[in-house]
Amino acid sequence: MKRVYLDNNATTKTDERVLEAILPYFCEVYGNANSMHSFGQEAGKVLDLSRQTISNILKIEKSELIFTGTGVESNNLAIRGIARAYKRRGNHIITSAIEHPGAKNTCQDLEKEGFEVSYIPVDKNGVVILDDLKKAIRKETILVTLMHANNETGVLQPIEEISKITKKNKIVFHTDAVQTVGKIPVYPNELGVDLMSFSGHKFNGPKGIAGLFVKNGIRLGKVITGGGQERKIRPGTTNLAGAVGMAKALELATTNMEEKVKEEEELRSFFETEMVARIPEIKINGKKVARLPGTSSISFKYLEGESILLGLDYKGIAVSSGSACSSDDLQASHVLLAMGIEVVDAHGTIRFSLGKFNTREEMEYVVEEAPKVIEKLRIISPLWNEFYKKK
Amino acid sequence: MEYTKKVMDHFMNPRNVGVIENPDGYGKIGSPSCGDMMEIFLKIEDGIIKNVKFRTFGCASAIASSSVTTEMILNKTVEEALQVTNKAVVEALDGLPAAKVHCSVLAEEAIKAAIENYLSKNNKKEIE
């Protein structure tokens with residue numbers, strides 16, 4: 001059966017060139033980068049080179065890059081680290097209503113420790129409302145943490161504008177750029193942020209390696225205790241092969257990037273145009289504002305998302321759903337609800353996320369099969385039949 | 001989370017989908033905002049369920065639960081249909097993930113609602 005992977009915001013296929021680059025760092029060069037002997041020195045040099053490669057691409061100092069295990073870990077180190085380092089100055093944190101659980105649940109956890117958190121709403125396009133952010137600032141505000149692009153809708157947030165506000169108010173600014181690094185050009189210093197999380201497996205690197213940009217001069221309190229690795233911010237033996245893989249993946253992702261972004265946007269545009277033409281009563285979320293080139297969030301009215309997900313999976317098409325029924329907590333997506341999308345429509349929302357290996361031919365297959373899946377499910381749906389009768 | 005083959009079969013090839021015009025019994029359970037809603041239509045002759053149709057808005061397990069339940073009550077007496085429990089629905093599907101058991105409860109309630117509707121229309125209170 002044909003299989004089409006359209007869940008690239010969840011994770012990506014490792015590029016074979018990345019795998020090839022990694023392989024020598026298991027059985028040939030395997031020393032602990034912190035050891036003084038020749039085995040350790042070999043590893044140390046490779047780690048240093050990987051750090052240099054990534055820093056060059058992101059236009060940051062080598063000393064500003066911390067290797068971590070996952071994007072969630074980077075978010076934890078940044079948010080908890082700032083909260084601990086700056087708690088004498090204040091106990092207030094600002095974030096948005098649409099954050100990834102990695103940031104959202106970390107902020108909620110800090111509330112239990114006595115921090116106060118403001119969750120800034122978004123408009124109907126999914127963009128953070130700047131006026132509300134400005135109004136939320138207090139003299140106790142120590143941190144603003146806000147995602148660069150939303151994982152469900154791909155909608156980009158006005159990070160540069162916000163950084164002007166945080167600078168003026170001397171507030172530390174962290175951005176969760178897990179969905180943007182490797183997909184569009186991202187430079188932390190141009191964004192004006194103090195901290196930035198990103199993750200290797202989102203741009204065809206391996207899983208289990210991620211990064212945290214920590215601007216020189218920014219203090220972080222201890223979150224993990226241990227040895228002196230990664231400037232004591234992330235103690236524990238650094239994942240050497242992972243670092244090599246992430247560097248290689250970022251190199252590949254950022255080569256001819258503008259061209260790739262354009263191609264991906266064209267492919268998505270073909271997909272969305274065909275879907276709208278072939279399926280009645282659907283809505284593309286965040287279409288009116290700047291989005292990631294490969295993300296398409298579509299609400300299929302009168303249907304429940306998990307049934308669409310499984311119906312598509314049966315045809316070999318892998319997507320993800322914003323519906324309650326495909327999540328563990330049975331809650332509809334907080335992101336879609338924050339955008340003012342009705343609960344019933346949030347249940348019927350599917351995320352299609354394209355990646356660099358998707359082809360035109362694959363998308364032609366999807367726009368051929370998806371309408372059949374939708375039609376079949378709508379025949380079963382009493383809501384669709386009610387709507388159809390009225391029409 | 002994974003579904004059994006039975007669930008996937010009933011989801012992909014649901015039995016008895018549709019409506020019955022002027023049904024003898026009709027039940028509607030759940031709400032769109034909760035993420036699942038079921039409708040059951042019954043045709044009953046001499047106390048026997050001669051025809052049953054359903055429509056469901058919901059996830060795969062909600063669709064499969066309603067589909068398998070219609071099979072379980074077809075050609076059964078009203079009394080027998082009232083004995084169908086959500087546990088029996090889960091068993092008929094070779095199991096449901098813990099988070100999805102409520103779908104089988106919904107199916108049981110939909111059947112009961114349709115039969116109650118039939119009984120109240122026909123004043124056959126003695127069966128209750």
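Naming convention: chains lettered A, B, ... in sequence-line order (proteins, then strands); numbering from 1 in each chain.
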(message) Please report the interatomic distance OG(B:S61) to CG(A:L310), rounded to the nearest 0.5 Å.
(response) 9.0 Å
(message) Rounded to the nearest 0.5 Å, what separates atom CD1 in A:I380 from atom CE in B:M38?
(response) 11.5 Å
(request) Using a strict 4.0 Å threshold on nitrogen-to-oxygen distance, state whether B:K100 and A:E306 make a salt bridge. (result) yes
(message) Looking at A:Y388, I'd like to know if its OH atom is crowded, meaning that more than 12 non-hydrogen atoms belonging to other residues, nucleotides or ligands lie closer than 6.0 Å.
(response) no
(message) At a 4.5 Å cut-off on heavy atoms, which part of A:I308 comes close to chain B: side chain, backbone, both, or neither?
(response) neither
(message) Taking salt bridge (charged side-chain N to carboxylate O under 4.0 Å, His left out) as the definition, give me every residue that meets it alongside B:D94, ordered by chain and number, with sequence neighbours left out.
(response) none
(request) With a 4.5 angstrom heavy-atom cut-off, could you sort out which part of B:P32 is near chain A: side chain, backbone, both or neither? (result) both
(message) Whether the side chain of A:E304 engages the backbone of B:G35 through a donor-acceptor N/O pair (distance < 3.5 Å, no angle test) should be reported.
(response) no
(message) For a quick test of reading the model, state the closest non-hydrogen atom pair linking B:T56 to A:P382 and the distance between them.
(response) C-CD, 3.3 Å
(message) Atom CD of residue position A:E375 - does it have more than 12 heavy atoms of other residues, nucleotides or ligands inside 6.0 Å?
(response) no
(message) In the structure I gave you, are the side-chain heavy atoms of A:N385 and B:V19 within less than 4.5 Å of one another anywhere?
(response) no
(request) Can you measure from CZ (B:F57) to CH2 (A:W384) and round to the nearest 0.5 angstrom? (result) 13.5 Å
(message) Is it the case that over 12 heavy atoms from other parts of the model lie below 6.0 angstrom from the NZ atom of B:K87?
(response) no
(message) To the closest 0.5 Å, what do you measure between NE2 (A:H347) and OG (B:S33)?
(response) 6.5 Å
